[in-house]
2 protein chains.
Amino acid sequence: MAVGDASAAARPQYRKLAANLREAIASGAYQDGRLPSEETLAAQHGMSRGTVRQALALLRANGVVTSRRGTPRVILGTARTQSFYELMSFTSWARAVGEEPGGHTLAFEHRPGEPWECAQLDLEPGSMLYFVLRARTLSRVPVMAERTLYPEAVGRVLADLGPDAISHMDPLVDEGLIFADLEHSIDLISANAEDARILDIPQGSPLLRERRRATDPSGVVLHWSDDRFLPGTVSFTVHSSAAVTSMSRRRG
Amino acid sequence: MAVGDASAAARPQYRKLAANLREAIASGAYQDGRLPSEETLAAQHGMSRGTVRQALALLRANGVVTSRRGTPRVILGTARTQSFYELMSFTSWARAVGEEPGGHTLAFEHRPGEPWECAQLDLEPGSMLYFVLRARTLSRVPVMAERTLYPEAVGRVLADLGPDAISHMDPLVDEGLIFADLEHSIDLISANAEDARILDIPQGSPLLRERRRATDPSGVVLHWSDDRFLPGTVSFTVHSSAAVTSMSRRRG
DNA sequence: TAGTGGTCTAGACCACCCA
DNA sequence: GGGTGGTCTAGACCACTAG
């Protein structure tokens with residue numbers, strides 16, 4: 001193979017290799033629970049060790065394999081981390097777990113933002129923004145109250161959607177917006193009057209709250225959302241490793 | 001610099017660079033919000049571009065900077081992801097946020113595990129294990145009920161501790177155990193009779209539950225724990241990026 | 001001591017963004 | 001078109017583990 005044959009293509013080699021290895025692991029190859037050495041993998045796939053290591057770093061970060069100097073890599077499991085998109089979109093998450101997602105828009109406002117709202121979106125105080133309030137359902141049962149803020153340029157895309165549009169993420173992605181990073185914060189709160197009405201529960205009932213902020217590759221905030229789930233409907237799973245930790249616990 | 005001057009040392013160069021950049025960012029250098037190019041950083045620090053990229057990958061994974069082909073890296077913030085150890089240890093977490101941690105052991109059992117318990121620890125059904133039940137406090141106020149399972153070899157280390165030992169992690173680390181990976185699962189439950197007694201709340205009160213499984217570099221499970229926090233005492237924050245996602249949402 | 005993963009280098013080409 | 005980050009190579013030495 002010639003030097004510099006960087007046939008990056010749409011999908012780089014290291015991602016393909018990572019996907020292949022994942023599949024191989026899931027299908028039960030490597031019964032001994034250990035991966036071939038990096039050198040071996042490189043030879044088998046006709047690539048350099050550096051590329052193999054990129055693939056393995058991906059698996060490592062997702063908790064599929066461990067790594068320790070001196071010994072072969074150990075297989076931990078298939079580690080079902082979701083696609084990034086499923087983490088953002090209630091709709092595609094629901095479909096991925098075999099449920100039928102639904103949504104009903106209860107409020108769609110185009111107005112100047114409150115100070116805290118503008119702050120969340122990194123906008124000047126008083127900037128115009130979009131606010132959307134929706135009830136989300138699984139198999140027609142309400143499970144989540146969703147409040148989302150969009151900067152003007154983003155929310156405008158959603159203005160034409162009907163009140164029963166299922167996904168609000170899909171139109172945004174179709175529009176060419178690129179969601180690169182997410183910051184999640186998870187805690188427990190009690191339902192206010194509005195939550196109670198939306199989810200048909202007594203005021204004060206406990207809810208699992210997930211607040212999210214999404215940014216594009218240049219750091220511009222694309223949306224901020226506050227999702228409140230009924231107990232028992234979801235749980236959040238996180239993998240963290242000593243090498244790369246991207247989770248924290250805050251004083252409530 | 002000679003080829004192969006891999007002065008890996010205790011702390012590799014790329015980690016030092018990452019730490020330096022973090023500090024520089026926090027201290028307000030780079031007022032324009034953009035990082036110098038990789039080439040520039042490499043020249044400034046006398047290292048190769050590959051090493052610089054390792055450092056930047058770390059910052060990227062923690063949400064400190066973004067990256068996009070064609071444009072300089074954009075600074076997102078100081079992104080306060082905690083040290084891996086603080087995520088594992090209630091004690092060191094509490095101290096890091098300026099609280100006074102405490103603990104009182106309510107049960108310390110050495111017994112054969114239930115089938116589900118052995119499964120969590122990857123042990124044969126019926127294996128001996130240690131079970132510890134503790135009330136954890138912040139500034140002497142109970143905020144969390146902690147139930148932990150240890151395989152025999154690990155739990156044995158804790159047998160000599162008194163009922164008011166504050167940290168159970170420190171002795172384990174001192175013993176030479178290496179915690180490499182954590183799997184967290186976060187959801188909402190209601191207090192059972194035992195929780196109610198420990199936390200002095202009515203039975204059925206909502207609690208934020210974090211279940212954790214820690215493994216060493218070879219994949220051996222070192223402990224499993226079930227922590228139940230009072231509402232308002234903690235929140236969990238996770239960063240995920242399109243490149244490396246290690247979080248998922250499950251149907252409750 | 002042989003073999004593994006961890007770190008590092010010096011070079012290359014490519015895809016992309018912006019002036 | 002010039003500069004940026006993304007991908008890839010082929011080599012090197014080191015630190016560690018295990019037989």
Side-chain angles (χ1 to χ4, degrees), chain A residues 1-18 32-43 45-61 65-75 176 178 180 216-220 241-244, chain B residues 1-18 32-43 45-61 65-75 176 178 180 216-220 241-244:
Chain A
M1 182 152 301
V3 168
D5 175 7
S7 58
R11 246 178 91 197
Q13 293 187 39
Y14 75 90
R15 284 194 179 276
K16 290 186 204 162
L17 175 57
D32 55 350
R34 305 185 308 152
L35 234 49
S37 77
E38 299 174 353
E39 206 73 61
T40 304
L41 286 172
H45 296 80
M47 47 179 70
S48 81
R49 192 180 154 214
T51 304
V52 171
R53 280 181 64 79
Q54 271 184 286
L56 293 175
L58 224 51
L59 300 185
R60 170 77 211 276
V65 300
T66 45
S67 59
R68 189 171 39 151
R69 221 194 301 242
T71 78
R73 289 175 186 269
V74 174
I75 294 172
I178 298 175
D216 78 359
S218 63
V220 174
S241 70
V244 181
Chain B
M1 182 152 304
V3 168
D5 175 6
S7 58
R11 248 177 90 198
Q13 294 185 38
Y14 75 90
R15 284 194 181 276
K16 290 186 206 163
L17 176 56
D32 55 350
R34 306 183 310 152
L35 235 47
S37 77
E38 299 174 355
E39 206 73 62
T40 304
L41 287 172
H45 295 82
M47 47 179 71
S48 81
R49 191 181 154 213
T51 304
V52 170
R53 280 182 63 79
Q54 271 184 285
L56 293 175
L58 224 51
L59 299 185
R60 169 80 212 276
V65 300
T66 44
S67 59
R68 189 171 36 153
R69 222 196 302 244
T71 77
R73 292 176 184 267
V74 174
I75 294 172
I178 298 175
D216 78 358
S218 64
V220 174
S241 70
V244 181

Q: Locate the shortest heavy-atom distance separating B:Ala180 from B:Asp216; write the atom from each residue and the value.
A: CB-C, 3.8 Å
Q) Which pair of non-hydrogen atoms, one from A:Leu58 and one from A:Tyr14, has the smallest distance, and what is that distance? A) CD2-CE1, 4.3 Å
Q: Show the numbers, then the answer: is there a side chain to side chain contact (heavy atoms under 4.5 Å, CB included) between B:Arg53 and B:Glu38?
A: CA-CA 7 Å; B:Arg53 280 182 63 79; B:Glu38 299 174 355; 2.9 Å; yes
**Q.** Minimum heavy-atom distance between A:Arg60 and A:Ser241, given as atom pair plus value
**A.** NH2-CB, 3.7 Å
Between the protein and nucleotides 1-5 of chain D, list every N/O to N/O distance that falls short of 3.5 Å.
unit_1: D:dG3; atom_1: N2; unit_2: B:Gly70; atom_2: O; d: 3.2
unit_1: D:dT4; atom_1: O2; unit_2: B:Gly70; atom_2: N; d: 3.1
unit_1: D:dG5; atom_1: OP2; unit_2: B:Glu38; atom_2: N; d: 2.9

Q | Length of the CG-P vector between A:Leu17 and D:dT7, whole Å | A | 14 Å
**Q.** Value in whole Å for how far the C1' atom of C:dC17 lies from CG of A:Asp216
**A.** 13 Å
Q) To the nearest angstrom, how far is A:Leu59 atom CG from C:dG5 atom C1'? A) 15 Å
(Q) Do B:Arg49 and B:Glu39 make a side-chain contact, defined as non-hydrogen atoms from C-beta onward lying under 4.5 Å apart? (A) yes
(Q) What is the separation between atom CD on B:Gln13 and atom C1' on C:dG6, rounded to the nearest whole Å? (A) 13 Å
Q. To the nearest Å, how far apart are B:Arg11 CZ and D:dC14 C1'?
A. 19 Å
(Q) With heavy-atom distances below 4.5 Å as the criterion, would you say the side chains of A:Met47 and A:Leu17 are in contact? (A) yes
Q.
Give me the atom names and distance for the closest heavy-atom approach of A:Lys16 to A:Arg11.
A. CE-O, 3.3 Å
Q. Looking at A:Thr66 and B:Gly219, what are the two nearest heavy atoms and their distance?
A. CG2-N, 4.4 Å
Q) Under 4.0 Å between a side-chain N or O of A:Tyr14 and OP1 or OP2 of D:dC8? A) no
(Q) Judged by each residue's nearest nucleotide on DNA chain D, which is more toward the 5′ side, A:Ser48 or B:Arg60? (A) B:Arg60
Q: Hey, which sits more toward the 5' end of DNA chain C by its nearest nucleotide, B:Val52 or A:Ile178?
A: B:Val52
**Q.** Stems where DNA chain D pairs, listed by first number, each of three or more Watson-Crick or G-U pairs under 3.5 Å
**A.** C:1-18 with D:1-18
**Q.** Between P of D:dG6 and CZ of A:Arg15, the distance in whole Å
**A.** 11 Å
**Q.** Integer-rounded Å distance: C:dT4 P and A:Asp32 CG
**A.** 13 Å
Q) To the nearest angstrom, how far is B:Gln54 atom CD from C:dG6 atom P? A) 10 Å
Q | Nearest non-hydrogen partners of B:Leu35 and B:Leu56, listed with the distance | A | CD2-CD2, 3.7 Å
